[in-house]
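First the structure, in the form of structure tokens, and then the observations on it.
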Amino acid sequence: MKNRGADMTIRDIIIKYSEDLTQMSDTPRLDVELLLQKSLGDVDRIYIHMNLNKELTKEQEEIFLKLINDRLNGRPVAYIVENREFMGLDFYVKEGVLIPRPDTEPLVEELIELCKDKNNINILDIGTGSGAITISLAKYLENASLTSFDISDIPLEVGKKNAISNNVEHKINFVKSDLFSAIEDEDVEFDVIVSNPPYIRREDMKTLHTQVKDYEPYNALEGGVDGLDFYRDITKGSHEFLKQNGILAYEVGHDQAEDVCEIMKNNGYTKIYTKKDIQGIDRVVIGFKL
Ligand code: GLN
């Protein structure tokens, strides 16, 4: 019998380690493939599929074992490979920014639908993180200019880097701001204010999966005792900085849509509606300033 050593093939690795990762990951096979791509020198995904019988060199296997160990200990694969795809675009990510999630794509899709035929749209994104929302809007809305606020330094640095790699840096202004605090010109008005704020209830933070709780930024996740603090604060503040008929658009937690609709209604928003994510959960809330 062969030793488990330098003669493992790509196929052997996928089979063995997908199995080992089933407890830790919802996407074990994808994770192994992403780690393999990195271990083999950032090869394309297709290379993996075309070379299933290829043996790893000793060196490649050592790199892979280091990466898979990190993953088995709970570190999210996106932080290990420093990349996550969102809206068909590549985003650099590292600890300190929330990893972009497919749950957020319906928010971006809805805004693209609402804004695609308008000219010179001015958008403010509050809590930009990796820049996933801002950068996809900049990419897919030709006539938009964006302002992206974040309270922390790492997101602003990562956001700028992603804006450059996606060739939209000329359309985005990244600014350090605690909600609206950086706005100096009181007359400034946006067509759209969008946010995926922290929305997890304080009590629920303890029950999150290790890979979220121990690795992703706490201040991008926790939204106060009932999880709604940021919806209250942003909705209240947004009114002053939106044009008439301007759009306020949120991602919300799986059971928060009704509460957020109510908050909007109580703060002078109209034509409020929700949109579902791919799992059928009300994930997006949109309202228009009266
Ligand atoms: N959707 C994220 C999660 O459940 C939370 C993101 C947020 O708080 N905005 O991990």
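Atoms within a ligand are numbered from 1 in the order they appear, just like the ligands themselves. Model, not experiment: these values are computed from the prediction. These numbers come from the heavy atoms of this one structure, side chains and all, not from hydrogens, waters or symmetry mates.
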Given 3.5 Å as the limit, does a donor-acceptor pair link the side chain of S152 with the main chain of I154, or not?
no
State the atoms of ligand 1, each with its element, that fall below the 4.0 Å cut-off from a heavy-atom position in A220.
7 (C), 8 (O)
Could you tabulate the donor-acceptor pairs under 3.5 Å formed by side-chain atoms of residues 282-290, not counting sequence neighbours?
{"from": "D282", "atom 1": "OD1", "to": "K276", "atom 2": "NZ", "distance (Å)": "3.2"}
{"from": "R283", "atom 1": "NE", "to": "D277", "atom 2": "OD2", "distance (Å)": "3.1"}
{"from": "R283", "atom 1": "NH1", "to": "Y199", "atom 2": "OH", "distance (Å)": "3.2"}
{"from": "R283", "atom 1": "NH1", "to": "V252", "atom 2": "O", "distance (Å)": "3.0"}
{"from": "K289", "atom 1": "NZ", "to": "H239", "atom 2": "O", "distance (Å)": "2.7"}
{"from": "K289", "atom 1": "NZ", "to": "L242", "atom 2": "O", "distance (Å)": "2.8"}

Show me which atoms of ligand 1 lie under 4.0 Å from any heavy atom of P197.
7 (C), 8 (O), 9 (N)
Under the side chain to side chain contact (heavy atoms under 4.5 Å, CB included) test, which residues partner N173, sequence neighbours left out?
V175
for atom 1 (N) of ligand 1, nearest protein heavy atom and its distance come out as Y199 OH, 2.9 Å
For D90, is there any backbone N or O sitting under 3.5 Å from a side-chain donor or acceptor partner on N166?
yes
Got an N/O contact under 3.5 Å between D103 and ligand 1?
no
Can you check whether G88's main-chain N or O pairs, donor with acceptor, with E85's side chain at less than 3.5 Å?
yes
Closer than 4.0 Å to some heavy atom of R101 - which atoms of ligand 1 meet that?
1 (N), 2 (C), 3 (C), 10 (O)
Do other residues, nucleotides or ligands put more than 12 heavy atoms under 6.0 Å from H254 NE2?
no
Give me the residue, atom name and distance of the protein heavy atom closest to atom 4 (O) of ligand 1.
I200 CD1, 3.9 Å
Mark up the atoms of ligand 1 that fall under 4.0 Å of a heavy atom belonging to P198, in ascending order.
8 (O)
